[in-house]
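Take a look at the structure below.
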Amino acid sequence: MQLLRLGAPGSERPAVRTEEGVVHDLRPVTADIDGAFLAGDGLARVRAALTAGELPALDVSNERIAPPLAGIGKIICIGLNYSDHAEETGATAPSEPVLFLKTPDTVVGPYDEVLVPRKSVKTDWEVELGVVIGKTARYLDTHADALACVAGYVTSHDVSEREFQIERGGTWDKGKNCETFNPLGPYLVPAEDVGDPQDLGLRLWVNGELKQDSSTKNMIFPVAEVIRYLSQFMVLRPGDLINTGTPAGVALGQPDPKPYLRPGDVVELEIDGLGRQRQTFGAA
């Protein structure tokens, strides 16, 4: 099943899409899809309600698809987590995960407009596997313990401004936290419906041209290790999001003149089983 949220910003409501493609109203089960819902028995209650036929069907043809997760606590991102991406950007593959943070207010829907920041000359794309935490994780010992804390997976777009990130001093954060810089969705898929998170194809197109085409099997640090590692430095809580890194094919790694994004460009991205996004870029 696929969990999603529908409606205008500030008025979203929860829904669930079945394997048959039918979308059902989730409000008989929960007011929203958030950390509290994921930490409890929310997913089990949704499956039971679907089986019992208790959820009314919805017509979503004219609905905005919102981010599938509400109330995100924090967004932790892993940099340089694919060896080919590290190589194309001239960086050394890290011996430990590279961490940076994005603020939850960067999150927008998978089809919402993304804004190129004012004075930006190097806005870039990054398709990433997003991991949503469903159980508190602190000082984990094993990869099995780490995966047991995952509620589900989602397609995430870690939009980046490379001049702000690399050339303006300090941390990467100011190149990662511009408004609208984290389209998310369309679906949150429960971990048990995804299978092996290290065997998912991920792709991204710019104006119809394929730019990124890889697999999560090429991560330097797999999902389980990322979660275990993070839990040594911070507490991961239900509703937190982890962006696990991007493969080769970003604008930063292209020959000059690098094809950075401009207003009017269209970016599409997808991950196997997790749905497809499409954004038109505008001007901030």
Side-chain angles (χ1 to χ4, degrees), residues 9 67 72-82 84-94 96-110 112-130 155-185 202 204-207 209 211-212 220 226 230 233-234 240-269 277-284:
I72 297 172
K74 54 184 174 287
I75 304 172
I76 311 103
C77 305
I78 309 301
L80 302 173
N81 198 26
Y82 288 73
D84 57 356
H85 174 56
E87 181 180 354
E88 74 171 348
T89 59
T92 301
E96 294 190 37
V98 174
L99 310 183
F100 62 92
L101 299 176
K102 296 188 88 156
T103 57
D105 64 2
T106 60
V107 172
V108 294
D112 290 348
E113 182 183 45
V114 173
L115 300 177
V116 175
R118 295 179 185 180
K119 300 183 180 179
S120 168
V121 293
K122 296 183 179 181
T123 294
D124 206 346
W125 58 82
E126 294 190 20
V127 59
E128 305 203 6
L129 175 66
T155 301
S156 189
H157 190 181
D158 177 23
V159 186
S160 308
E161 212 295 341
R162 303 301 190 186
E163 183 191 31
F164 299 175
Q165 175 190 350
I166 299 169
E167 301 173 33
R168 300 292 296 272
T171 68
W172 288 6
D173 291 2
K174 59 179 164 283
K176 296 286 189 172
N177 284 281
C178 305
E179 59 183 328
T180 72
F181 262 29
N182 203 143
L184 194 69
L202 60 173
L204 180 145
W205 296 259
V206 177
N207 298 325
E209 181 179 350
K211 296 292 189 180
Q212 293 183 277
I220 297 172
V226 165
L230 289 175
F233 301 96
M234 65 186 77
D240 286 350
L241 171 67
I242 303 170
N243 287 336
T244 57
T246 199
V250 300
L252 178 62
Q254 305 298 305
D256 291 328
K258 302 183 189 299
Y260 289 111
L261 295 167
R262 300 287 185 266
D265 286 338
V266 175
V267 176
E268 298 170 275
L269 55 149
Q277 301 185 3
R278 184 182 190 275
Q279 296 109 35
T280 298
F281 278 65

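The model shown is predicted, which means the values in this text are computed figures rather than measured ones.
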List the atom pairs, donor and acceptor, that lie under 3.5 Å between side-chain atoms in residues 244-255 and the rest of the protein, sequence neighbours left out.
residue : atom : partner : partner atom : Å
T244    : OG1  : L129    : O            : 2.7
T246    : OG1  : V127    : N            : 3.4
T246    : OG1  : V127    : O            : 2.8
T246    : OG1  : Q212    : NE2          : 2.8
Q254    : NE2  : V250    : O            : 3.1

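- Here the side chain of D240 pairs a donor or acceptor atom with the backbone of K74 at under 3.5 angstrom.
- Note on residues 114-123: pairs passing salt bridge (Lys or Arg N to Asp or Glu O under 4.0 Å), not counting sequence neighbours, are K122-E167.
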Quiz prompt | Working for side-chain contact (heavy atoms from CB on, under 4.5 Å), residues E113 and T280 | solution = CA-CA 5 Å; E113 182 183 45; T280 298; 5.6 Å; no

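- Side-chain contact of N207 with D265: a donor-acceptor pair under 3.5 Å is present, judged by distance alone.
- The distance from the CG atom of D124 to the CD atom of E161 is 9.0 Å, given to the nearest 0.5 Å.
- Side-chain atoms of S120 do not come within 3.5 Å of backbone N or O of V116 as any donor-acceptor pair.
- Taking 4.5 Å as the limit, every side-chain heavy atom of P97 sits out of range of all side-chain heavy atoms of N81.
- By the side-chain hydrogen bond (donor to acceptor under 3.5 Å, both in side chains) test, D105 is found to be paired with T103, residues two or more places apart in sequence or in another chain being considered.
- For E87, the CD atom is loosely surrounded, since the number of other residues' heavy atoms within 6.0 Å does not exceed 12.
- For the atom pair CE of M234 and CD1 of I76, the computed distance is 5.5 Å after rounding to the nearest 0.5 Å.
- Using modelled atom types, one finds no donor on one side chain facing an acceptor on the other under 3.5 Å when comparing T180 with D112.
- Rounding to the nearest 0.5 Å places NZ of K176 at 12.0 Å from CD1 of I75.
- A side-chain N or O of N243 and one of S156 form a donor-acceptor pair less than 3.5 Å apart.
- Minimum heavy-atom separation, P110 to P67: CD-N, 4.4 Å.
- Between the side chain of S160 and the main chain of D158, a donor-acceptor pair closer than 3.5 Å is present.
- Taking both residues in full, the closest heavy atoms of F181 and T123 are given as CZ-CG2, 4.2 Å, listed atom of the first, atom of the second, then distance.
- If you check the side chains of E163 and Q165, you find no donor sitting under 3.5 Å from an acceptor.
- Within the 4.5 Å cutoff, the side chain of C178 has heavy atoms near those of the P117 side chain.
- Between P183 and V159, some side-chain heavy-atom pair lies under the 4.5 Å cut-off.
- Taking CG from N182 and OG1 from T106, the interatomic distance works out to 4.5 Å, rounded to the nearest 0.5 Å.
- Contact record, Q277 with G185: NE2-O, 3.0 Å, taken as the closest heavy-atom pair.
- If you take CG on L99 and CH2 on W172, they are separated by 10.0 Å, rounding to the nearest 0.5 Å.
- Here the NZ atom belonging to K102 is positioned 11.0 Å from the CD1 atom belonging to I72, to the nearest 0.5 angstrom.
- Between I78 and F100, the shortest heavy-atom distance links the atoms C-CE2, 4.2 Å.
- Between the side chains of H157 and E126, no donor-acceptor pair of N or O atoms lies under 3.5 Å.
- Looking at heavy atoms from C-beta onward, R278 lies out of side-chain contact with V267 at the 4.5 angstrom threshold.
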